[in-house]
Amino acid sequence: MQKFTTFTGLAAPLDRANVDTDQILPKQFLTRVERSGWGQFAFYNWRHRPDGSPDPGFVLNQARYRGASILLARENFGCGSSREHAPWALLDFGFRVVIAPSFAVIFRNNCFQNGLLPIELEPQMQDEWFRRVQAKEGYVIQVNLRDQVLTGIDGFACQFGIDPFRKRCLLEGLDDIGLTLQDEAAIQTHEQTHRQPWQAAVAGVTK
Amino acid sequence: MPTLLDKIWQSHLVRQSPGQPDLLFADRHLLHEVTSPQAFEGLRVKGRGVRRPDLSYAVVDHVVPTSGRELPWADQVAWTQLQALRANCREHGIMLLDISDPRQGVIHVCMPELGLTLPGNTVFCGDSHTTTHGAFGALAFGIGTSEVEHVLATQTLPQAKPRTLAVRLEGQLPPGVSAKDLILYVIGQLGVAGGTGHVIEYLGSAVRELSMEGRLTLCNMAVECGARGGLVAPDETTFAFLRGRPFAPQGADFEQAMAHWRTLYSDEGARYDRQVSLDISGLQPQVTWGTHPGQVMEIAGRVPTPDSFRDPDAVKAAQRALDYMGLKPGQSLGDAAVDVVFIGSCTNGRLEDLQAAAALLKGRRVAPGVRVLVVPGSGQVKAQAEALGLAEVFMAAGCEWREPGCSMCLGMNPDTLSPGQRSASTSNRNFEDRQGRGGRTHLCSPATAAAAALAGRFVDPRQYM
């Protein structure tokens, strides 16, 4: 996984609650079997009109937010489908951080798996960041994961919380399958001690 | 006093250490074509194998056309995705229910009907509606593709323990009101993120009275209020459903299993992190008016005025939703013409759902200009429905009787809405563009969908009963 320590980038405000993963990565692209190249489809139906031309009304199409790499979002961001294609699309589009008052659980897990940092802030604090980003063109935020601090270009700053294990994985770029494989003995023990006779008859036999 | 979640969690703990999430063993890993190819590719890149192919089960469901599907598909990219699943299952020795397999169907319909999900199991799958399997008293939830890779490689999943939310549903469902109305009502009450971070355990007399099909519907949509999972403690209804299923324990093994399953309930005095009690005796048929499942109303009600919401985000969301849906505040849904009716999906594609719809359609004709797709949840559901004469009822009424698959629930195959078309859909998500760009989805029960097919608009289904 890509390491994450500190990151500084332009912030863009997506002022909608309950943005679901069908919006982040629309279903018509889900048939691809690749893991890369998803950015072109991010928010596709919001970035494009039905005829395929860019929709100037959508925030990420505005010139002042071109090249944004920090997404400000609202409650319950990433709800709905479990598709990891959504964080793949956000990352490939250029985002490294999403800040919201709350995230849907599967989406948040998927972000951590890919080095896209989801940061949860209190709603009032999030309102403050929205105000600042909307008020000043070119508003840049620095994200310091080690100290868990966000600092705006105008000096405004706040702390954020994060699960210590997730933090360690991001800072060190750990491969969590590799970590689990170190527990091979524990997995084997579990397989041997939790095998009920009636379970043994289940798997495999009727395949 | 442990809850049901505590019991399942404890019995699947491979490792618990401070500063790390618990490591859970996966009893069942379900795979489909959309969220697995990159996971298998990840294994290949790292030179890793599949630890327990005997506990992994695959089916093709999301992208399959629901007619003419044996021919080369028009969608070459989808066809490639199917080929990838076939190759991956062959390489690793994983059972695959392919398109020609009579057991093929929507993953959360066909796996339970084979008896694959058992009480007390952990069931993981790269699909958010994996919560469905909680109907058996199994801990079941959706995971991302990286986690699919993790389960393939290790048969375990690192996981922080969710909180518990007891949703107690007391009273008797009125005739003509179904589990789908019940779950839409619950989501409306809890809010679209009201269950986030929790496993919901459904309790109460209304839950005990539900069939397995109804419980599957109830748990299926737990994720639509953000919940990690839904749970119904197993009981005689569960055991009767499982007995004799091909993948369930057989004979003496079944009796022994049942003795264990009888211990799977939340003990008297168990503590939940949150509790909600709802009296559902007077429940009315429910239908969504907006663009998420929490924007729901009684069928005879009025579309809400955005200003009636207290939260400013909810006001904005309601305005946007009404605009997208082409609805006016205060209007009756009975005034909105329905173009397409979709009966199917992992929410409502089971035999009981088709029976409920057919009961209204029998001897009647759908309204002129309304397209009705009936998509059985699995090959077995299809065969049963045909044996019972339901297929004839649907076709005589003017409905399309199709092959099993996810179909118009998410429109990854050719079954989609055109811009501006309005659907009455028995599926689970009414998000913008989900059923087709610009499509306007109203979620409802199979009976309400059938009534909409007959009337060409939303009406109380009980007028046809």
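Everything quoted here is computed from the prediction, not taken from an experiment. Reminder, nothing fancy here: chain letters follow the sequence lines and each chain counts from 1.
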Undergrad: So, do B:Arg51 and A:Glu184 sit near enough that their side-chain heavy atoms are less than 4.5 Å apart?
TA: yes
Undergrad: Count the heavy atoms belonging to other residues, nucleotides or ligands that lie under 6.0 Å from CD of A:Glu172, then report whether that count exceeds 12.
TA: yes
Undergrad: Checking heavy atoms, do the side chain of B:Gln76, its backbone, both or neither come under 4.5 Å from chain A?
TA: neither
Undergrad: If I measure from the heavy atoms of chain A, does B:Glu149 come under 4.5 Å with its side chain, its backbone, both, or neither?
TA: both
Undergrad: In Å, rounded to the nearest 0.5 Å, how long is the span from CD of B:Glu432 to CZ of A:Arg16?
TA: 6.5 Å
Undergrad: Where does B:Ala317 contact chain A at under 4.5 Å (heavy atoms): side chain, backbone, both or neither?
TA: neither
Undergrad: Say you draw a straight line from OG1 of B:Thr154 to CG of A:Asp183; how long is it, rounded to the nearest 0.5 Å?
TA: 9.5 Å
Undergrad: Determine the option with the most heavy-atom pairs under 4.5 angstrom with chain A, choosing from B:Pro21, B:Gly19, B:Gly226.
TA: B:Pro21
Undergrad: What residue in A:Asn109, A:Ile177, A:Ile106 has the most heavy-atom pairs under 4.5 Å with chain B?
TA: A:Ile177
Undergrad: Pick from B:Glu41, B:Lys46, B:Glu147: which one has the most heavy-atom pairs with chain A under 4.5 Å?
TA: B:Glu147
Undergrad: With a 4.5 Å cut-off on side-chain heavy atoms, are B:Thr145 and A:Trp88 touching?
TA: yes
Undergrad: Measure distances from B:Leu114 to the heavy atoms of chain A and classify the residue's part below 4.5 Å as side chain, backbone, both or neither.
TA: neither
Undergrad: With sequence neighbours excluded, give me every salt bridge (Lys or Arg N to Asp or Glu O under 4.0 Å) pair touching residues 113-126 of chain A.
TA: A:Arg108-A:Glu120
Undergrad: On a heavy-atom basis, which atom in A:Thr180 and which in B:Thr156 lie closest, and how many Å separate them?
TA: CG2-OG1, 3.2 Å
Undergrad: Determine the option with the most heavy-atom pairs under 4.5 angstrom with chain B, choosing from A:Glu191, A:Gln113, A:Arg83.
TA: A:Glu191
Undergrad: Could you give the distance from NE2 (B:His150) to CG (A:Asp175), rounded to the nearest 0.5 Å?
TA: 9.0 Å
Undergrad: To the nearest 0.5 Å, how far apart are OG in A:Ser82 and CZ in B:Phe141?
TA: 12.0 Å
Undergrad: About how many Å separate CG of B:Leu13 and NE2 of A:His194, when rounded to the nearest 0.5 Å?
TA: 8.0 Å
Undergrad: With a strict 4.5 Å heavy-atom criterion, list every residue of residues 91-101 of chain A that contacts chain B, or say none.
TA: none
Undergrad: Taking every heavy-atom pair that is under 4.5 Å apart, which of B:Arg320, B:Gln81, B:Gln38 has the most such pairs with chain A?
TA: B:Gln38
Undergrad: What parts of residues 21-34 of chain A touch chain B if we use heavy atoms and a cut-off under 4.5 Å?
TA: A:Asp22, A:Gln23, A:Lys27, A:Leu30, A:Thr31, A:Arg32, A:Val33, A:Glu34
Undergrad: Counting only non-hydrogen atoms closer than 4.5 Å, does A:Ala186 touch chain B with its backbone (N, CA, C, O), its side chain (CB onward), both, or neither?
TA: both
Undergrad: Take a 6.0 Å sphere around CZ of A:Arg64 and say whether it holds more than 12 heavy atoms from other residues, nucleotides or ligands.
TA: yes
Undergrad: Going by residue number, which parts of residues 38-55 of chain A are within reach of chain B, meaning a heavy-atom gap below 4.5 Å?
TA: A:Trp38, A:Asn45, A:Trp46, A:His48, A:Arg49, A:Pro50
Undergrad: At their closest point, which heavy atom of A:Leu181 faces which heavy atom of B:Ala153, and how far apart are they?
TA: CD2-O, 4.2 Å
Undergrad: Heavy-atom distance under 4.5 Å to chain B: side chain of A:Arg35, backbone, both or neither?
TA: both
Undergrad: Could you look at A:Phe103 and say if it's the side chain, the backbone, both or neither that has a heavy atom under 4.5 Å from chain B?
TA: backbone
Undergrad: Is chain A contacted by the side chain of B:Leu23, its backbone, both, or neither, given a heavy-atom distance below 4.5 Å?
TA: side chain
Undergrad: Can you name the closest pair of heavy atoms from A:Asn114 and B:Ser146 and give their distance?
TA: ND2-OG, 4.1 Å
Undergrad: To the nearest 0.5 Å, how far apart are OG1 in B:Thr196 and CG in A:Asn76?
TA: 5.0 Å
Undergrad: Which heavy atom of A:Ser81 sits nearest a heavy atom of B:Ser128, and at what distance?
TA: CA-OG, 3.8 Å
Undergrad: Is A:Asp20 salt-bridged to B:Arg429, going by a charged N under 4.0 Å from an acidic O?
TA: no
Undergrad: Which answer fits B:Val77, side chain, backbone, both or neither, if we ask what part of it has an atom under 4.5 Å from a heavy atom of chain A?
TA: both
Undergrad: What residue in B:Thr35, B:Val223, B:Thr291, B:Ile143 has the most heavy-atom pairs under 4.5 Å with chain A?
TA: B:Ile143
Undergrad: Which atoms of B:Arg228 are under 4.5 Å from chain A, going by heavy atoms: the side chain, the backbone, both sets, or neither?
TA: side chain
Undergrad: Specify which of B:Gly144, B:Pro293, B:Ala227, B:Gly42 makes the most heavy-atom pairs with chain A at under 4.5 Å.
TA: B:Gly144
